[in-house]
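Let me begin by presenting the structure, written as structure tokens, before commenting on it.
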Amino acid sequence: AFTFNIVMHALCKEGRVGEAAGLMGCCSSPDVVCYNTLVWGYCTIGQLGNAVKLVEEMVVGNGSSKPNVVTYNILLKGYCQQGVLGGAECVWQQMLKRGLVQNSVSYNTMIDGECKEGSMEKAFVWRDDMVSHMDCFPDDVMFNTLMNGFCIRREIGKAQELLDQMLESSSLSKCGELGTEIEVGGFSPHIHPKPNHISYTTLIGTYCRAGKLQEAFRFYEEMVRSGHVPDEITYSSLVYGLCKEGALLEARELMEKMQSMGVVPNQVTYTAFIDALFKAGNVQEAHALYDEMVKRGVVLDTVACSVLIDGLCREGKLVEAREVFEKMPNLDLTRNHVTYTTLIHGYCKSGDIQDALMLFDDMEKEGLKANAVTYNALIYGLSKNDQIDDAMEIFKKMSEKGLMPCNVTYNIIIDRYCKQGNVKQAFALYNEMIQNQLIPN
RNA sequence: UCCUCGAGAACCU
């Protein structure tokens with residue numbers, strides 16, 4: 001079972017959960033860890049139903065594979081990832097019924113789930129619950145999770161205060177001096193964990209996304225100065241930040257610097273850079289870097305290929321873009337709704353509505369759900385092709401499918417009517433947009 | 001050997 005699990009885990013990590021399941025079937029006595037690994041696999045690919053079924057199987061099975069805290073923690077995360085916090089709470093109750101005691105991973109999982117929903121208030125309720133019911137104190141993961149929650153809400157200042165709290169309590173001379181101050185989150189100062197590289201990278205990544213590179217690099221330097229080792233995620237964040245601001249030369253320099261520090265650029269580092277090069281119209285370098293990535297044995301993934309498809313579309317090389325798209329399954333790469341939408345948009349932009357619509361059908365046949373962006377691409381393509389009536393058909397179909405048109409949807413149509421000189425229709429849609437509580441930009 | 005925190009892709013102007 002030990003050996004089986006190592007392979008199963010590797011398969012699940014690549015999203016090959018079906019194969020992992022098959023492998024477990026070959027194992028004469030799979031243990032809890034095997035089962036947990038498979039439950040985890042199903043959760044990460046979004047197949048919660050299969051995960052739950054497997055856990056039920058464990059419950060009625062023999063003693064060696066009864067679900068444990070880890071099993072339920074995996075389910076908690078599964079529900080949180082789907083945004084079904086209520087489902088996670090049900091799992092929580094089941095744990096109690098089965099006499100299992102939640103640990104800090106359970107609590108941190110729920111806190112992260114609430115943070116990702118933007119509910120910091122609820123996240124802190126879980127924190128309080130943990131402190132009052134358990135012997136465990138908030139750990140570094142919890143602080144990092146909460147920092148990230150504030151970052152998501154664009155309250156970077158509060159995230160920074162949490163970092164400061166961790167720093168204060170790890171410097172002995174300051175311990176006990178903070179008693180009466182009201183701090184973010186109301187933590188008791190003496191039990192703070194120390195920050196780690198993730199604490200810093202959380203802030204760095206947020207500043208990079210916000211285009212505040214000075215701040216990002218300030219924390220990078222502080223991180224290094226205090227003895228934390230930046231990893232590929234830290235550097236990828238910074239490379240992305242530089243690219244986003246158009247500082248492509250500096251991005252390249254940083255990629256070299258990270259290697260001199262012994263950190264190997266991965267597919268995320270490369271993809272961030274390649275994407276920026278394509279968008280800047282620097283096609284040759286984009287391809288050169290892509291080749292470098294492949295030559296170095298960096299494993300391609302869905303995003304890397306989608307970026308390549310997008311770049312080829314921007315170049316007008318739709319045939320080549322299609323070839324990459326077709327080759328993805330051979331490389332064991334999943335094509336998701338973004339991959340499809342990228343190519344659909346490429347076809348629309350080039351006026352090839354036929355292929356766009358065919359690909360849209362293929363997408364639905366694959367069981368992938370089109371989102372507003374997909375529909376917007378089609379609406380754009382049709383209206384640009386003077387098929388405004390067909391565009392409006394798609395527009396209606398969108399609402400029928402329960403997808404709300406967004407402001408980009410309205411922008412596309414309003415723009416078209418204006419270009420046709422049909423200002424009246426344009427205003428009609430503008431009013432509809434307002435009625436739907438959308439904010440014009 | 002299993003669970004929790006940080007990085008990259010698609011639509012209009």
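Lettering of chains follows the sequences in order, A, B, ..., and the numbering in each one begins at 1. Owing to the predicted nature of the structure, the values given are computational and were not obtained by experimental measurement.
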Let's see if you get this right: which residues in residues 110-120 of chain A place a heavy atom under 4.0 Å from RNA chain B?
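Under 4.0 Å from RNA chain B: A/Asp112, A/Lys116.
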
Sorted by number, the residues of residues 69-80 of chain A with heavy-atom contact under 4.0 Å to RNA chain B:
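Those residues are A/Val70, A/Asn73, A/Ile74, A/Lys77.
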
Across the strands shown, which category fits [X] at heavy-atom distances under 4.0 angstrom: base, sugar-phosphate, nothing?
X        : result
A/Lys419 : nothing
A/Asn5   : base
A/Thr201 : base
A/Ser236 : base
A/Ala304 : base
A/Thr342 : sugar-phosphate
A/Tyr240 : sugar-phosphate
A/Asp31  : nothing

Using a strict cut-off of less than 4.0 Å between a Lys/Arg side-chain nitrogen and an Asp/Glu carboxylate oxygen, indicate whether [X] and [Y] qualify as a salt bridge.
X        : Y        : result
A/Lys397 : A/Glu393 : no
A/Glu256 : A/Arg252 : yes
A/Glu19  : A/Arg16  : yes
A/Glu364 : A/Lys401 : yes
A/Glu56  : A/Lys53  : no

Pair A/Tyr235 and A/Tyr220, ring centroids less than 6.0 Å apart:
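Ring centroids of A/Tyr235 and A/Tyr220 are less than 6.0 Å from each other.
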
Assert yes or no for the condition that the ring centre distance of A/Phe273 to A/Tyr290 is strictly below 6.0 Å.
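Here the rings of A/Tyr290 and A/Phe273 have centres that are no less than 6.0 Å from each other.
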
Span of RNA chain B, from the first to the last nucleotide whose atoms fall under 4.0 Å of chain A heavy atoms
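First and last nucleotides in contact are B/U1 to B/U13.
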
Who pairs with A/Glu253 by side chain to side chain contact (heavy atoms under 4.5 Å, CB included), at least two apart in sequence or on another chain?
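Side chain to side chain contact (heavy atoms under 4.5 Å, CB included) list for A/Glu253, sorted by chain: empty.
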
Partners of A/Asp140 by side chain to side chain contact (heavy atoms under 4.5 Å, CB included), sequence neighbours excluded?
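Only A/Pro193, A/Asn196 meet the side chain to side chain contact (heavy atoms under 4.5 Å, CB included) criterion with A/Asp140.
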
Sequence neighbours left out, what passes salt bridge (charged side-chain N to carboxylate O under 4.0 Å, His left out) with A/Asp415? Give chain and number order.
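For A/Asp415 the salt bridge (charged side-chain N to carboxylate O under 4.0 Å, His left out) partners, ignoring immediate neighbours, are A/Lys419.
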
Within 45° of the six-membered ring axis of A/Phe325 and under 6.0 Å from that ring's centre, is NZ or CZ of A/Arg335 located there?
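Because its charged atom sits under 6.0 Å from the ring centre and within 45° of the axis, A/Arg335 does stack over A/Phe325.
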
